[in-house]
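Below is one structure, written out as structure tokens, with a few remarks after it.
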Amino acid sequence: MQELCLLCWVVLLGLGLACPEPCDCGKYGFQIADCAYRDLEAVPPGFPANLTTLSLSANRLPSLPEGAFWEVPLLQSLWLAHNEIHTVAVGALASLGHLKSVDLSHNLISDFAWRDLHNLSALQLLKMDSNELTFIPRDSFHSLHALRSLQLNYNRLHTLAEGTFAPLTTLSHLQLNDNPFDCTCGIMWFKTWALSTAVSIPEQNNITCTSPHVLRGTLLSRLLPLPCSAPLVQLIYQPNQDGAELRPGFVLVLHCDAEGQPAPQLHWHIQTPGGTVEIASPNVGTDGHALPNALTASSRPRFQAFANGSLLIRDFGKLEEGTYSCLATNELGSAGSVILALATPGKGGENVLGRRFHGKAAKGKGCYMVNNEVQPSSPEDNVVIIYLSHTGVQEAVAASEGVSGQQLPGLLLLGQSLLLLLFTSF
């Protein structure tokens, strides 16, 4: 039995001291592997498990697949510069929790698994300069509290999400020069941060604007303040529309009123009995026909979102009952509207939306007619429920939790006569 255990130990030790044939692992007790300048097209298998430094620089690696370095969990330094890497897949680096230095510079990386960085809390040096990176997710560096040097120069970054570098509490060196920055509202925070931070940012004379055209070549540090504001949005409705009789051919128009600088992009979220509908506005032109890039199977979509913020629903009926809301987004953030719930009276005037409203009212929550002052009593969702009458009577009820001391925003334009508002506003 002892001989068998000894044999197993020898076999395991031999495996631990293995080395891929193209590489040199003989230095410092098999803790360093030199595989540079070997014309490798893939990460070779067979590295010793105690490896701490691996050089794969100056090869022909096209990508790093998931689990590329699972054999070397103790790796501390990884050198991959001057390859042909386009993609770093999810899970390629995630297993390297001891990694302190990684060099991915001088590659062609456009697709990078940023979430893998969340596992690399020991990382101190990250070189990703001279690649094809176009964006960095806001939370990419949130675990890199030990990072001291970050090199992102010579990429294709157009903007930076506000707060991107906030988690890097030990950062002392940051390179961002020679990126084609869009000098719009989304980059202004970085100018302010760069002027006040203690982090060294070399070559600031090469951190310039590429667009818009009038600012091309302007130093980011000298960029004048821009008139910027985060989105504000409301779905306003016009009360006292008695006589809006629901009959065949009934046309409903909702309007999303959004403000902000730059002008926000609008997105409609619609939940009907048939499912969820997501619409990037606009999806139709002024003539009501689908735009060439709109994701719709019909030339005249069921829900027509116009560039001025109006949503037109032809032949409104049971199939169109549900909740409607709009979201406005620009470089500075997003804002959502109140949820507008539209319903036709069911049997006995009851339906799912009605039961939901009456259930809230029975619990003593703040529910009032739309024309009354809103005084909610609990912080939940904001909902305006509107019943469209078959007899020409509109009953509107607000169920509002979460907006204190305000009148609910929302706009309901009923009847075909209101189409004039839609088309005259273009």
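Below, all heavy atoms of this structure are taken into account, side chains as well, without hydrogens, waters or symmetry copies.
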Inset, instruction - Please report the C-alpha distance between Leu311 and Cys256 in whole Å, then the side-chain angles of each, then the deciding distance to 0.1 Å, and finally whether the side chain to side chain contact (heavy atoms under 4.5 Å, CB included) criterion is met. - result: CA-CA 8 Å; Leu311 180 72; Cys256 185; over 6 Å; no
Inset, instruction - Begin from the C-alpha positions of Asn205 and Leu219 and carry the test side chain to side chain contact (heavy atoms under 4.5 Å, CB included) through to its verdict. - result: CA-CA 6 Å; Asn205 286 340; Leu219 295 181; 3.8 Å; yes
Inset, instruction - Tell me, with the steps shown, if Met188 and Leu223 meet side chain to side chain contact (heavy atoms under 4.5 Å, CB included). - result: CA-CA 8 Å; Met188 291 302 296; Leu223 189 63; 3.4 Å; yes
Legend entry - Derivation of the side chain to side chain contact (heavy atoms under 4.5 Å, CB included) call for Ile187 and Leu160: CA-CA 6 Å; Ile187 202 70; Leu160 297 166; 4.3 Å; yes
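Panel note: side chain Asn177, backbone Asn206; no donor-acceptor pair is recorded below 3.5 Å. A donor-acceptor contact shorter than 3.5 Å is absent between the side chain of Asp182 and the backbone of Thr159. Not a single donor-acceptor pair under 3.5 Å links the side chain of His213 to the backbone N or O of Thr210. Between the side chain of His86 and the main chain of Glu84, a donor-acceptor pair closer than 3.5 Å is present. Between the side chain of Asp129 and the main chain of Leu152, no donor-acceptor pair closer than 3.5 Å is present. In terms of modelled atom types and a separation under 3.5 Å, the side chain of Ser55 and the main chain of Asp34 share no donor-acceptor contact. Judged by distance alone, with hydrogens and angles left aside, the side-chain atoms of Asp103 form no donor-acceptor pair with the main-chain N or O of Ala81 at under 3.5 Å. A donor-acceptor contact shorter than 3.5 Å links the side chain of Asp116 to the backbone of Gly91. A donor-acceptor pair under 3.5 Å is formed between the side chain of Glu331 and the backbone N or O of Cys185. Judged purely by atom type and a 3.5 angstrom limit, Ser143 has no side-chain atom pairing as donor or acceptor with the backbone of Asn119.
Put simply, the side chain of Thr272 reaches to within 4.5 Å of the side chain of Arg302, judged on heavy atoms. Two residues are said to be in side-chain contact when any heavy atoms from C-beta on lie closer than 4.5 Å; His269 and Thr276 meet this criterion. By the 4.5 Å heavy-atom criterion applied to side chains, Leu93 and Phe112 are counted as neighbours. Proximity of Leu174 to Leu168: side-chain heavy atoms (C-beta onward) are nowhere separated by under 4.5 Å. In this structure the side chain of Phe69 reaches within 4.5 angstrom of the side chain of Leu54, judged on heavy atoms. Residues Leu144 and Leu150 have side chains not in contact (no heavy-atom distance under 4.5 Å, counting atoms from C-beta outward). Residues Leu40 and Pro22 are in side-chain contact: their nearest non-hydrogen atoms beyond the backbone lie under 4.5 Å apart. Contact annotation: the side chain of Glu320 approaches that of Phe303 to within less than 4.5 Å [non-hydrogen atoms, C-beta and beyond].
Closest approach of Glu71 and Gly46 over heavy atoms only: OE1-N, 2.9 Å. Across Ala36 and Asn59, no two heavy atoms sit closer than the pair CA-ND2, 3.9 Å. Of all heavy-atom pairs between Arg138 and Glu162, the closest is NH1-O, 2.6 Å. The nearest pair of heavy atoms linking Gln151 to Leu125 is NE2-CD1, 4.3 Å. Nearest approach of Pro44 to Cys23, heavy atoms of both residues: CG-SG, 4.2 Å. Of all the heavy atoms in Trp79 and Ser77, the pair that sits closest is NE1-CB, 3.8 Å.
Remark: Ser105 OG to Asn83 CG distance equals 10.0 Å, nearest 0.5 Å. Note that OG1 of Thr218 is 14.0 Å distant from CD1 of Ile207, once rounded to the nearest 0.5 Å. Note that the CE atom of Met128 and the CD1 atom of Ile109 stand 5.0 Å from one another [nearest 0.5 Å]. Between the OG1 atom in Thr134 and the CG atom in Leu157 there is a gap of 7.5 Å [rounded to 0.5 Å]. Note that CD of Gln175 and OG of Ser200 are 8.5 Å apart. Values are rounded to the nearest 0.5 Å. The CZ atom of Phe141 sits 9.5 Å away from the NE2 atom of His118 when rounded to the nearest 0.5 Å.
Counted within 6.0 Å of CD on Glu278, heavy atoms from surrounding residues, nucleotides or ligands total more than 12; the atom is thus considered enclosed. Annotation: Gln265, atom CD; neighbour count of heavy atoms from other residues, nucleotides and ligands within 6.0 Å does not exceed 12. A 6.0 Å sphere centred on CD of Glu66 holds no more than 12 heavy atoms belonging to other residues, nucleotides or ligands.
When the ring-ring contact (aromatic ring centres under 6.0 Å, His included) test is applied to His82, the partners found at least two apart in sequence or on another chain are His106.
The stretch residues 165-189 participates, sequence neighbours left out, in these ring pair (Phe, Tyr, Trp, His ring centres under 6.0 Å) pairs: Phe165-Trp193.
Thr329 and Ser334 form a side-chain donor-acceptor contact under 3.5 Å, judged by distance and modelled atom types alone.
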